[in-house]
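Take a look at the structure set out below.
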There are 2 protein chains.
Amino acid sequence: MVEKQLNLSKNQKIIFDLIDKSPEPMKAYSILFNVQKKGIKAPLQVYRALDKLVEIGKIHKIESRNAFIACQNSSCQISKTTAFSICESCEKVTEIKDNKLAKYLTNFSDNTGMNYKKYNLEFFGLCKKCKRK
Amino acid sequence: MVEKQLNLSKNQKIIFDLIDKSPEPMKAYSILFNVQKKGIKAPLQVYRALDKLVEIGKIHKIESRNAFIACQNSSCQISKTTAFSICESCEKVTEIKDNKLAKYLTNFSDNTGMNYKKYNLEFFGLCKKCKRK
DNA sequence: CTTTTAAATGTTATATTATTACATAACGTT
DNA sequence: AACGTTATGTAATAATATAACATTTAAAAG
Ligand SMILES: [Zn+2]
Ligand SMILES: [Zn+2]
Ligand SMILES: [Zn+2]
Ligand SMILES: [Zn+2]
């Protein structure tokens, strides 16, 4: 599944490519370390690219881990509704793509009648692999 | 609704009382500043109390804000399932107490068949007051 | 009541995560 | 070319969180 990313700037592309290749969420200073050989030397350069990539939905921040993961779900580019599964043992993170869940949460309204176009849901448990141990 | 908290230690009680009185989520260093007159001088003392209070469900961490709020929902003492509404304008945070939502998420299983006893959900939007403006 | 163990505290230093401030360069539009 | 917008470079610093070690308090066991 090839995604267009022509609109990304130089730093944004370097940093997106790194995160996209990583099998696990990456932390900002780990990203910084990994892109120093490409000329990105300062934290701010990383955070600026991360902010933009989050804004356009190419990556997501795993809030409970202060780490970033590439989006696995094309619809995130137009919405801000995210759900993840996080293994508390090996820290594996998977983006949950479930239309029913998304619909349920998007239509959810609380006791004040308020509803929401944006949410972030993080599930915690043990992944298949870790459960076997 | 009086809650028992006899089991809290001195520092835990000082810090819980402060958070419980606050109308808004409190950040760790703001807590530290506020309890220095009571003899709690170092960040670690605050973080240790926060860790314990989170563990026993008396407070929750709002992950997207790095801030802490007192639990509004007695059932959180036995579960780790939390949901919040966050106003993106005034930063007001409310804990959502909704049995249907809790049931739906607790019973949710992802495409791998995995399910979860623990989750954190943060909804974002504008509160009533901010919507009027 | 005394011994033992676990939980909590105190203190210093340090690690990790993120932003402010200011200057410059590249890009897209008219 | 002139303009406004977005992105970049760089240095300094703020904000959040933990490591390491010594000591004290409280709970549990004998
Ligand atoms: Zn996504
Ligand atoms: Zn695992
Ligand atoms: Zn609660
Ligand atoms: Zn508001």
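Both backbone and side-chain heavy atoms feed into the values below; hydrogens, waters and symmetry mates do not. Every chain is numbered from 1, with letters handed out A, B, ... down the list of sequences.
Contact annotation: Asn66(B) side-chain N/O to dT17(C) OP1/OP2 distance is not under 4.0 Å. In this model, the phosphate group of dT17(C) is not approached by any side-chain N or O of Lys61(A) to a distance below 4.0 Å at OP1 or OP2. Neither OP1 nor OP2 of dT11(C) sits under 4.0 Å from any side-chain N or O of Gln45(B). Residue Lys27(B) has a polar side-chain atom (N or O) positioned under 4.0 Å from OP1 or OP2 of dT16(D). Contact annotation: Lys13(A) side-chain N/O to dA7(D) OP1/OP2 distance is not under 4.0 Å. Taking side-chain N and O atoms only, Lys41(B) has a distance below 4.0 Å to OP1 or OP2 of dT11(C). Residue Ser9(A) places none of its side-chain N or O atoms closer than 4.0 Å to OP1 or OP2 of dT6(D). Taking 4.0 angstrom as the limit, Tyr47(B) places none of its side-chain polar atoms (N or O) nearer than this to OP1 or OP2 of dT18(D). A close approach under 4.0 Å does not occur between any side-chain nitrogen or oxygen of Asn7(B) and OP1 or OP2 of dA27(D).
The interatomic distance linking Leu50(A) (CG) with dT17(C) (C1') rounds to 12 Å, in whole Å. Per the geometry, CG belonging to Asn11(B) stands 11 Å off P belonging to dT11(C), to the nearest Å. Rounded to an integer number of Å, the gap from NZ of Lys38(B) to P of dG10(C) is 14 Å. One interatomic measurement links the two molecules: NZ of Lys52(A) to C1' of dT5(D), which rounds to 10 Å at whole-angstrom precision. The CG-P distance, from Leu53(B) to dA7(C), rounds to 16 Å in whole Å. Between the CD atom of Gln12(B) and the C1' atom of dA26(D) there is a distance of 12 Å, rounded to whole Å. Between the P atom of dA18(C) and the CE atom of Met26(A) lies a distance of 14 Å, rounded to the nearest Å.
One cannot find a donor-acceptor pair under 3.5 Å joining the base of dA14(D) and the side-chain atoms of Tyr29(B).
If you find the closest nucleotide of DNA chain C to Arg48(A) and to Arg48(B), the one lying nearer the 5' end belongs to Arg48(B). Ranked by how close their nearest DNA chain C nucleotide is to the 5' end, Pro43(B) and Gly39(B) are led by Gly39(B).
Ring centroid separation for the pair Phe108(B) and Phe123(A) comes in under the 6.0 Å cut-off.
Note on Glu91(B) versus Arg65(B): salt bridge recorded, some NZ/NE/NH1/NH2 to OD/OE distance being below 4.0 Å.
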*Evaluation steps, side-chain contact (heavy atoms from CB on, under 4.5 Å), between Asn107(B) and Asn115(B)*: CA-CA 7 Å; Asn107(B) 291 333; Asn115(B) 62 5; over 6 Å; no

*Does the pair Asp17(B) and Lys13(B) meet the rule for a salt bridge (Lys or Arg N to Asp or Glu O under 4.0 Å), with working shown?*
CA-CA 6 Å; Asp17(B) 285 346; Lys13(B) 186 165 185 342; 2.8 Å; yes

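Looking at the side chain of Lys10(A), the nearest of the listed nucleotides dG9(D), dA8(C), dA20(D) is dG9(D).
Remark: Phe68(B) CZ to Ser22(B) OG distance equals 13.0 Å, nearest 0.5 Å.
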